[in-house]
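Reviewing the structure listed below.
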Amino acid sequence: MASIRAIVSGSGREASGEDNAAGRGTSRDTNRDTNHGAPPAGASGYGRRAALRKAGLALVALAAAPRAGQAADPAPPSGAGSVAGGGSDWARSLPGRCACEAPTPAANPTPVDPAPAGRTPRRLLMLGDSITAAYGLPRGEGLPARLEAALRAEGRPVTVLDAGVSGDTTAGGRARLDWALADRPDAAIVALGGNDGLRGLDPRATRANLAAILDGLAARRIPTLLAGMLAPPNLGADYGREFAATFADLARAHPQVVFYPFLLDGVAGDAALNQPDGIHPNARGVAVMVQRMLPAVRALLDRPVDRAMPAG
């Protein structure tokens, strides 16, 4: 994801076309820093890792702190799209609390939703950034691969299409949406915004980009899940509230969308579930993410697909 320099300065830039092209070629197999920005001035080695860890821990601090004048566990926003939470109270509303003590899921989950004979195969697009591009992990341990394995273990013949580009912003995802849809998915997960927050980009631009993506998927009648994200508190409380509200507001404006409020629910801030940078989940963290997301993904896949409308 983006550099800590962008967090501290509150400026940063969007990923360029070169960055995105490089991400497509390297993010799934290497740990190159070219798509994650430069370290802060004078930072290297331990200092850079410590700064990244601090940013990761800051995310959970933001999630855990109740907002001024707000109850500790507020009710879900009225009128929001279908909210399918994971294993915490916070996951059912934005803003609110984040419960990061998640049980470690079993290596071989017990099927809970046996598929009826003849269930139609589904193609599930996952449009995201380094979190979905298996940054720092073998591809087989990344979120798309582990999610596909969990769904197949339940008897669901699902193929998860990995459209994660390390370093990507919502603007990058918007620009490559048509390219990603060339695989003709039956459903989609939109998991973008983390780099927008880390770079301090204008939440209004983030909202416009995500709205365009959701509208494009709706025009093709592709059932969609929107995964929310938080911004580090380094950029200020006002920015954090506006950024978090972006996702809840989009869910309200797109009631057909399944809404999963925080992509890193149960993982953010837990050193045991993250890589040394404190931001990207390790293999155990990915397993927790899969288990937390499964109810929302099941709700997405249970929605009918209008195959009369081409997805290309």
Note, [X] side chain near [Y] side chain (heavy atom, < 4.5 Å):
X	Y	answer
Leu137	Gln275	yes
Leu181	Ile222	yes
Leu124	Leu147	yes
Asp168	Arg176	yes
Val258	Arg303	yes
Val297	Val158	no
Ile131	His280	yes

Can any side-chain N or O of [X] pair as donor or acceptor with the backbone N or O of [Y] at less than 3.5 Å?
X	Y	result
Arg146	Val290	no
Asp162	Ala145	no
Tyr239	Leu201	yes
Arg174	Ala212	no
Glu148	Val160	yes
Ser130	Ala133	no
Ser166	Gly164	no
Asn282	Ala272	yes

Which value, rounded to the nearest 0.5 Å, describes the distance between [X] atom [atom1] and [Y] atom [atom2]?
X	Y	atom1	atom2	answer
Gln256	Thr224	CD	OG1	7.5 Å
Asp186	Arg122	CG	CZ	5.5 Å
Leu294	Leu301	CG	CG	9.5 Å
Leu250	Leu210	CG	CG	5.5 Å
His254	Leu226	NE2	CG	9.0 Å
Asp129	Asn195	CG	CG	5.0 Å

Checklist outcome for this item: side-chain contact (heavy atoms from CB on, under 4.5 Å) filter on Ala180, not counting sequence neighbours, yields Leu125, Leu127, Ala163

Checklist entry - Is any NZ, NE, NH1 or NH2 atom of the basic residue among Arg156 and Asp302 found under 4.0 Å from an Asp or Glu carboxylate oxygen of the other? => result yes

Checklist outcome for this item: On a heavy-atom basis, the closest approach of Ala244 and Leu230 is CB-CD2, 4.0 Å

Item to check | Closest non-hydrogen atom pair between Pro232 and Gly197, with its separation | outcome: CD-O, 3.9 Å

Next on the checklist: In terms of relative ring orientation, are Phe247 and Phe243 parallel, tilted or perpendicular, with 30° and 60° separating the classes?
Outcome noted: perpendicular

Checklist entry - Run the side-chain contact (heavy atoms from CB on, under 4.5 Å) check on Met229 and Leu264 step by step: do they pass? => result CA-CA 8 Å; Met229 184 51 68; Leu264 294 172; 4.2 Å; yes

Checklist entry - For Asp202, what residues pass the side-chain hydrogen bond (donor to acceptor under 3.5 Å, both in side chains) criterion, not counting sequence neighbours? => result Arg204

Item to check | Thr170: partners by side-chain hydrogen bond (donor to acceptor under 3.5 Å, both in side chains), with sequence neighbours left out | outcome: Asp196, Asn209

Item to check | side-chain contact (heavy atoms from CB on, under 4.5 Å) evaluation trace for Met293 with Leu263 | outcome: CA-CA 8 Å; Met293 291 183 70; Leu263 179 64; 4.0 Å; yes

